[in-house]
Amino acid sequence: MIAELVLATLFGLLLLGIHRKVIARIQRRPGPPVWQEILHAAKFSFKTTWVPATASRALFIGIVLVAIGIWTAAFFVMMTGGSLLVIFGIYMLHKIVEHAFGLSSGSPYGKFGGVRSVISAASEIPLFVSVAAIALFTRSLTLSDIIAWQQVHGPLLIIAFPAAIAMYLVLLSKMPFGPFSIVEAKELVSGYKTEHFGVWRAGLEVCNGLKTTVLLATFLLLFVGQLPIWWMVIGMVIITVSLSFTCAITPMLSPFDSVTIQSLFTGLMLVYAGIVFLGVAA
Amino acid sequence: MKRSAGKLLAVGGISCGTAFALHWAGWIPLWVFAAVVVLAFPPTVLALFLWWMAGEGKEDIPFIGY
Amino acid sequence: MSSIGGVPFYILEFGDELVYFTPYTITLFLLALVFTVLVILSRPERQVDIAFGGDAYTTKQILKDEMRFRRFMSIACGLASMGAMVTGDIFNFTLFTAMVGITNVGIVAAVKSPHVQNAAYQYGLVALSATVPLFGAAAVYAASTGSLSMIELARGTLPAVPIIAKALLVIGVVGEGMAPFYAAKAEMFRAPGAPYVIMCSLSSLLIFLRVVEVVMLG
């Protein structure tokens, strides 16, 4: 399982590289090679590193450990078919991790990025909860139960299409250069990660790689079901490319608009959940 | 710094490896193995990076603008 | 219960001091614990303010007395969140949630900035009024099912929980610091001193995560 963990991290970084390449080609730029994000992580890990003089030292370093730790836990939960709620909890905790990354250094840019991450959490998290609407169909929130249910009744992508859209928006919110990536907007230099450089940034890259793999694989398991490993890989690449298209052709929203649009979708999801609930109850 | 990072790397690597071997042999359940890896993997990764990085710099104030 | 947060590892049934650990609640509990330990260990950040247009910058210092009070409040907040994560009793859950609201105001109350004070006051008003639906929900739970134990509710032998009780519970938790009432809370993050203000957002998001599980029981 340790080899899988390392491979998942590298594969996630490769997906982020593909994401950058596709965006660049759509915008008629050559773009970096697809393995650029892996090289990035390696490059940062070799650099001279220190902790900023104004930083809260224990938090500054500790949060990098927490960031990698929570996604390692999420990886195990996903691999063993554990509770979807745990993955959801870890996704939420990632918001706090971004918040802590931004606030721990004393930098004003990081601080704004961190505050934006908490504000967007207010709209993203209810969006993720709306995926719980699928529990009305499957009667369970355990991934293995949901996979088993799909083997009998067919993929949830068709049966609970609006829930898939909500989860897709969650994925989109987590992709860099997307319409909802307000936490790392260029007016904030690099947002919450401005002051985490060198080894700390390499640690963050490891977390990002793992996070990308876990979220995309969870999406596939949740809405398509268990697939052979090569089909999983192909499916994840296809989802990444579709996300890249969305990111390439949409501008980044202002923080206010980003929260409004996500809240709007949450409202629609609540209506959908209500309809499903009444349909199931009737 | 580099010396302690190297030690931490060795400890982390050995604990992950031991947990994997014990789980593979069926001596410990999966959740114990997972708990060990979740606790040991992040420090191991950071220790690896701190061990092979170029060197420690003098601490500075945060970036305040171009 | 096993289909929501996983199979419970451990249940302590001791009157209304009901505690249980499922994979879900134990994850949340451990994270509250990790951040509380970080609060105890860290020294506060020194927030940098830039004088735009020049090379000048200032850093904010936090006085020792202020730091002590804020650290105490953050640890109290961490303990309240940990309690809310592991309790198996609806009333205890509402009690811990109300305590999280109070300590959140306390964390920033010592900051000498009018913006922060104002935001804390406004947030305090919302949190105060949110306790009415919160405790109301616990009352409706007790009145309609005759039990406040989440273990009993999850067994499915009790009468169904009315939807109004669940709605009141969610409104109460949301009032303690989620989406539409969040504006005042974001202002509170103007306060310098990183590990302490992080507890404000962490605690309210944790109780929100827990309430998702609670409303699915029964």
Side-chain angles (χ1 to χ4, degrees), chain A residues 1-6 9 41-55 57 60-77 79-80 82 90 104-111 189-190 194-207 210, chain B:
Chain A
M1 199 82 93
I2 292 174
E4 283 95 326
L5 184 64
V6 175
T9 308
K43 175 193 81 180
F44 281 124
S45 76
F46 291 124
K47 288 206 164 199
T48 302
T49 304
W50 64 85
V51 177
T54 51
R57 217 181 160 85
F60 188 88
I61 300 171
I63 203 64
V64 184
L65 298 175
V66 174
I68 304 174
I70 55 173
W71 287 103
T72 312
F75 176 78
F76 275 105
V77 173
M79 291 294 275
T80 54
I90 285 167
S104 63
S105 64
S107 156
Y109 301 107
K111 187 144 201 153
V189 190
S190 297
T194 303
E195 282 304 318
H196 278 79
F197 58 95
V199 168
W200 319 127
R201 176 68 76 89
L204 182 62
E205 292 282 323
V206 169
C207 154
L210 205 50
Chain B
M1 181 72 174
K2 287 218 164 197
R3 189 172 277 269
S4 49
K7 278 182 194 156
L8 187 60
L9 173 63
V11 171
I14 289 170
S15 50
C16 280
T18 315
F20 177 73
L22 287 178
H23 173 63
W24 190 70
W27 287 10
I28 52 171
L30 179 70
W31 70 268
V32 177
F33 166 59
V36 171
V37 173
V38 167
L39 286 179
F41 183 65
T44 312
V45 170
L46 271 198
L48 172 71
F49 293 166
L50 286 171
W51 176 66
W52 73 22
M53 75 173 180
E56 257 182 285
K58 197 177 164 300
E59 63 179 28
D60 199 354
I61 59 151
F63 175 75
I64 57 168
Y66 296 107

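The sequence lines fix the lettering, A, B, ..., with proteins before strands; numbering per chain opens at 1. Computed over heavy atoms, backbone and side chain alike; hydrogens, waters and symmetry mates excluded.
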Worksheet item: Taking atom CZ of B:Phe20 and atom CG of A:Leu5, what is their separation to the nearest 0.5 Å?
Response: 11.5 Å
Discussion item. Under 4.5 Å from any heavy atom of chain B, what part of A:Val199 do you find: side chain, backbone, both or neither?
Written reply: both
Worksheet item: Among A:Ser107, A:Gly198, A:Gly110, which has the most heavy-atom pairs under 4.5 Å with chain B?
Response: A:Ser107
Fill in: A:Ser105, part contacting chain B, at a heavy-atom distance under 4.5 Å
backbone
Worksheet entry | Residue A:Lys43 excluded, over 12 heavy atoms near NZ under 6.0 Å | yes
Discussion item. Just verifying a value: how many Å separate A:Ile2 CD1 and B:Phe41 CZ, rounded to the nearest 0.5 Å?
Written reply: 9.0 Å
Worksheet item: Among residues 46-53 of chain B, which ones touch chain A with a heavy-atom distance under 4.5 Å?
Response: B:Leu46, B:Phe49, B:Leu50, B:Trp52, B:Met53
Fill in: Proximal component of A:Phe76, with respect to chain B [non-hydrogen, under 4.5 Å]
side chain
Practice prompt. Check B:Pro42 against A:Leu65 and note the closest heavy-atom contact, atom names and distance.
Written response: CB-O, 3.4 Å
